[in-house]
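Start at 1 with the first residue, then count along the sequence. Values reported hereafter were calculated over all heavy atoms of this structure, with side chains retained and with hydrogens, waters and symmetry mates removed. Please read these numbers as outputs of a predicted model, since none were measured by experiment.
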Amino acid sequence: MTMFYLLSFLDRANIGNARVAGLEKGLHMTDRQYSIAVTTTYVPYILSELPSNLVLRKVGPNILMPTILTIWGIIVTLQGFVTSYKGLIAARFFLGLVEGPMFPGIVLYLSQFYTREELSLRIAYFFSSASLSGAFSGLLAAAIGKMQGVGGKPAWAWIFILEGLFSFLVGLIAFFLVPATPRDAKFLTEEEKEIVIQRLEKDRPFVNPLDTFSFREVFASAASPHVILIFIIYFLGGTNLYGLALFLPSIVSQLGFSTTHTQLLSVGPFAAGFAVTILGAYFSDRYKQRTIPLLVCLLIATAGYALYLGSHSKHTSYGSLFLMVSGIYGTTPIIAAWLSNNSEPYYRRATSIALGFVATNSGGILSTWRYPTKEGPAFRKTNIMNLTFSLVMMLLTIINSGMLHYANKRKEAKREEILAPYADGEKDGGTRAWVELGDRHPDFRYVL
């Protein structure tokens with residue numbers, strides 16, 4: 001799954017490196033047209049996230065995940081053969097449509113393999129590949145940049161062609177490697193499979209599917225206060241995240257570094273982001289706590305934006321990018337785990353996760369319009385917005401934590417009252433109570 005997401009982020013964000021390598025000039029595009037091309041990716045991306053999560057169990061992750069990776073590998077490769085702005089728009093549209101299911105699908109998939117307290121670190125393992133992809137993208141682009149003119153193609157085209165072909169090959173191989181469930185994992189013995197299942201059943205009573213799809217579960221998720229709050233947090237964080245993912249090479253370039261130096265200097269902040277993402281998630285799982293690690297990451301990001309705004313040196317500005325990327329990238333696995341931890345049963349969790357990423361990528365759309373070249377390298381208005389978003393995320397995190405704490409206390413105090421309509425002779429209200437109440441069941445403890 002880590003390789004899947006690395007390729008997903010690489011193939012979606014490498015347009016930033018292609019831009020530095022001459023994409024706009026090669027296709028005779030303006031800054032506005034570039035922003036439209038990037039935005040075009042996110043509209044179908046958003047629209048495909050919820051439906052794909054709802055059919056994931058039916059189709060099987062062992063079929064759906066490798067299939068979409070293989071198809072988007074073909075699309076990215078063909079992107080290197082476009083000769084016009086309209087051709088690029090078409091390629092970006094279909095790329096977004098096929099890539100959309102990947103991130104929410106992986107989070108939902110992993111939630112069926114790991115207990116709630118283990119999930120943040122596992123999400124961090126695969127999500128940290130987003131920061132690694134930023135590092136790899138810079139290194140690859142610097143190397144591929146030397147292929148200018150090979151086969152009659154510009155360097156930016158080779159970035160798409162070579163990276164797309166690699167995704168296509170990994171997709172084909174993945175059909176033989178991805179298990180549908182823990183019971184289908186060929187790398188586990190029968191005894192190990194039983195241990196995994198027993199641990200999951202002890203963590204929550206929804207491991208063996210109890211619920212069936214209904215729009216009631218979709219609406220129940222969308223109406224949950226903690227899901228709504230995380231939705232807003234995700235939108236704000238997504239704006240900051242994708243702004244850095246898509247425009248960091250352009251920001252570094254406008255600071256006054258050469259093309260090759262820009263590609264190489266883009267590596268450092270993403271490498272730092274990788275380290276902070278893993279550490280933040282490790283401590284989040286280690287201490288079974290989402291609020292404090294999330295606030296720490298947001299403090300780091302806030303410091304980065306404040307430093308950039310106050311900087312009068314290109315080296316200080318570049319250094320502040322390390323804090324921005326580390327802080328913002330570090331928040332994502334913690335938020336994703338928090339959302340998944342507190343949504344049950346399966347289809348409510350599938351909906352919550354998908355809605356979270358709809359919000360993230362809606363923020364991605366906003367970010368594509370916040371870095372016009374004429375405002376660089378300071379991007380003062382944008383960085384004031386980013387700083388404000390980070391502060392609001394901190395406030396909403398504290399509110400969400402307080403609200404969940406209150407909900408736990410309330411469920412404990414009113415347990416009998418909540419379960420009364422489901423009394424059927426069983427001490428916990430029976431299976432029907434768990435299915436219908438889900439995370440609102442009094443014995444289900446929200447993770448703070």
Legend entry - Residue pair Tyr371 / Asp31, side-chain donor-acceptor N/O under 3.5 Å: no
Legend entry - Check: Thr115 main-chain N/O paired with Glu118 side-chain donor or acceptor under 3.5 Å: yes
Legend entry - Note, Glu99 side chain near Ile75 side chain (heavy atom, < 4.5 Å): no
Inset, instruction - Return yes when atom NZ of Lys25 has more than 12 non-hydrogen atoms of other residues, nucleotides or ligands closer than 6.0 Å, and no otherwise. - result: no
Inset, instruction - May I have the step-by-step check of salt bridge (Lys or Arg N to Asp or Glu O under 4.0 Å) for Arg445 and Glu412, ending in yes or no? - result: CA-CA 9 Å; Arg445 307 296 293 173; Glu412 188 176 330; 3.7 Å; yes
Inset, instruction - Would you check if the side chain of Tyr318 reaches a backbone N or O of Leu265 as a donor-acceptor pair within less than 3.5 Å? - result: yes
Legend entry - Pro293 to Ile334 - nearest heavy-atom pair and separation: CB-CD1, 3.7 Å
Inset, instruction - Please check if atom CZ in Phe187 has more than 12 non-hydrogen atoms from other residues, nucleotides or ligands closer than 6.0 Å. - result: yes
Legend entry - Side-chain (Lys153) to main-chain (Trp158) donor-acceptor, under 3.5 angstrom: no
Inset, instruction - Check whether any side-chain heavy atom of Leu78 lies under 4.5 Å from a side-chain heavy atom of Phe94, and answer yes or no. - result: no
Inset, instruction - For Asn361 and Tyr42, indicate whether the former's side chain and the latter's backbone hold a donor-acceptor pair under 3.5 Å. - result: no
Inset, instruction - Side-chain contact test, heavy atoms from C-beta onward, threshold under 4.5 Å: evaluate it for Gln33 versus Leu27 and give yes or no. - result: no
Inset, instruction - Might you work through the side-chain hydrogen bond (donor to acceptor under 3.5 Å, both in side chains) test for Thr291 and Ser401, ending with a clear yes or no? - result: CA-CA 6 Å; Thr291 306; Ser401 182; 3.0 Å; yes
Legend entry - Value rounded to 0.5 Å, distance of OH in Tyr242 from CG in Leu366: 13.5 Å
Inset, instruction - Please confirm whether the backbone N or O of Ala336 pairs with a side-chain atom of Ser340, one donor and one acceptor, at under 3.5 Å? - result: no
Inset, instruction - Look up atom OG1 in Thr397 and atom CG in Leu295, then write down how far apart they are to the nearest 0.5 Å. - result: 5.5 Å
Inset, instruction - For the residue pair Tyr125 and Met1, establish whether any side-chain heavy-atom pair is separated by less than 4.5 Å. - result: no
Inset, instruction - Might you point out which heavy atoms bring Ser128 and Ile278 nearest each other, and give the distance in Å? - result: OG-CD1, 3.7 Å
Inset, instruction - Would you give the length of the straight line joining atom OG1 of Thr332 to atom CD1 of Ile123, rounded to the nearest 0.5 angstrom? - result: 10.0 Å
Legend entry - More than 12 heavy atoms from other groups under 6.0 Å of CZ on Phe175: yes
Inset, instruction - Mind listing the closest non-hydrogen atom pair of Pro249 and Asn17 along with its distance? - result: CG-ND2, 4.0 Å
Inset, instruction - Kindly assign one of parallel, tilted or perpendicular to the pair Phe103 and Phe126, based on the angle between their ring planes and the thresholds 30° and 60°. - result: perpendicular
Inset, instruction - Check whether the side chains of Asp184 and Thr181 place a donor and an acceptor atom closer than 3.5 Å, and report yes or no. - result: yes
Legend entry - Heavy-atom side-chain proximity of Trp369 to Ile36 below 4.5 angstrom: yes
Inset, instruction - Classify the angle between the aromatic ring planes of His226 and Tyr446 as parallel (below 30°), tilted (30 to 60°) or perpendicular (above 60°). - result: tilted
Inset, instruction - List the atom of Tyr308, the atom of Ala378, and the distance in Å for their closest heavy-atom pair. - result: CE2-O, 3.3 Å
Inset, instruction - Carefully, step by step, assess Asp285 and Arg290 under the rule salt bridge (Lys or Arg N to Asp or Glu O under 4.0 Å). - result: CA-CA 8 Å; Asp285 279 357; Arg290 306 299 183 216; 2.8 Å; yes
Inset, instruction - Run the numbers on Met324 and Leu307 for side chain to side chain contact (heavy atoms under 4.5 Å, CB included), then give the verdict. - result: CA-CA 10 Å; Met324 292 183 205; Leu307 182 61; over 6 Å; no
Legend entry - Check: Ser311/Ser317 side-chain N/O donor and acceptor closer than 3.5 Å: yes
Inset, instruction - Please examine the side chains of Val196 and Phe113, heavy atoms only from C-beta on, and report whether any two atoms are closer than 4.5 Å. - result: no
Inset, instruction - Would you please say whether a donor-acceptor pair under 3.5 Å links the side chains of Thr41 and Arg12? - result: no
Inset, instruction - Supply the atom-to-atom distance Leu47 CG to Leu97 CG, rounded to the nearest 0.5 angstrom. - result: 8.5 Å
Legend entry - Exam field: side chain Trp338 to backbone Val447, donor-acceptor pair closer than 3.5 Å: yes
Legend entry - Main-chain N/O of Thr368 paired to Ser35 side chain as donor or acceptor, under 3.5 Å: yes
Legend entry - Heavy atoms of other groups near Tyr282 OH, more than 12 under 6.0 Å: no
Inset, instruction - Name all residues meeting the salt bridge (Lys or Arg N to Asp or Glu O under 4.0 Å) criterion together with Lys193; count only those two or more places apart in sequence or in a different chain, and write none if there are none. - result: Glu190
Legend entry - Whether Tyr287 and Phe283 hold their rings parallel, tilted or perpendicular, with breakpoints at 30° and 60°: parallel
Inset, instruction - Using the side chain to side chain contact (heavy atoms under 4.5 Å, CB included) rule, take Ile68 and Met102 through it: C-alpha gap first, then chi angles, then the decisive distance, then the call. - result: CA-CA 8 Å; Ile68 61 178; Met102 185 55 75; 3.7 Å; yes
Legend entry - Ser343 vs Arg348, side-chain hydrogen bond (donor to acceptor under 3.5 Å, both in side chains): CA-CA, chis, key distance, verdict: CA-CA 6 Å; Ser343 296; Arg348 198 176 301 177; over 6 Å; no
Inset, instruction - For the residue pair Phe357 and Tyr234, categorise the inter-ring angle as parallel (less than 30°), tilted (30 to 60°) or perpendicular (more than 60°). - result: tilted
Inset, instruction - Find out whether the Lys NZ or Arg CZ of Arg19 is both under 6.0 angstrom from the six-membered ring centre of Tyr34 and within 45° of the ring's axis. - result: yes
Legend entry - Of Thr67, Asp11, Thr77, the residue whose pairing with Trp72 passes side-chain hydrogen bond (donor to acceptor under 3.5 Å, both in side chains): Asp11
Legend entry - Aromatic centroids of Phe270 and Phe274 separated by under 6.0 Å: no
Legend entry - Verdict with reasoning, Thr382 to Phe247, per side chain to side chain contact (heavy atoms under 4.5 Å, CB included): CA-CA 12 Å; Thr382 301; Phe247 292 96; over 6 Å; no
Inset, instruction - Write down the atom of Thr277, the atom of Pro333, and the distance for their closest heavy-atom approach. - result: CG2-CG, 3.6 Å
Legend entry - salt bridge (Lys or Arg N to Asp or Glu O under 4.0 Å) between Glu344 and Arg116, worked out: CA-CA 11 Å; Glu344 295 289 357; Arg116 290 191 296 159; 5.8 Å; no
Inset, instruction - Determine yes or no for a side-chain-to-main-chain donor-acceptor pair under 3.5 angstrom, with Asn342 supplying the side chain and Asp439 the backbone. - result: no
Inset, instruction - Count the heavy atoms of every other residue, nucleotide or ligand shown that sit under 6.0 Å from CZ of Phe257, and state whether that count exceeds 12. - result: yes
Legend entry - Side-chain heavy atoms of Ile251 within contact of Pro377, under 4.5 Å: no
Inset, instruction - Examine distances only and state if a side-chain atom of Ser253 and a backbone atom of Ser250 form a donor-acceptor pair shorter than 3.5 Å. - result: no
Inset, instruction - Give, for atom OG of Ser221 and atom CG of Leu355, the distance between the pair rounded to the nearest 0.5 Å. - result: 5.0 Å
Inset, instruction - Kindly indicate whether the side chain of Phe166, heavy atoms from C-beta on, has any atom under 4.5 Å from the side chain of Leu162. - result: no
Legend entry - Arg122 versus Leu110, closest heavy-atom pair with distance: O-CD1, 4.0 Å
Legend entry - Interatomic spacing from CD in Glu117 to OG in Ser284 - rounded to 0.5 Å: 11.0 Å
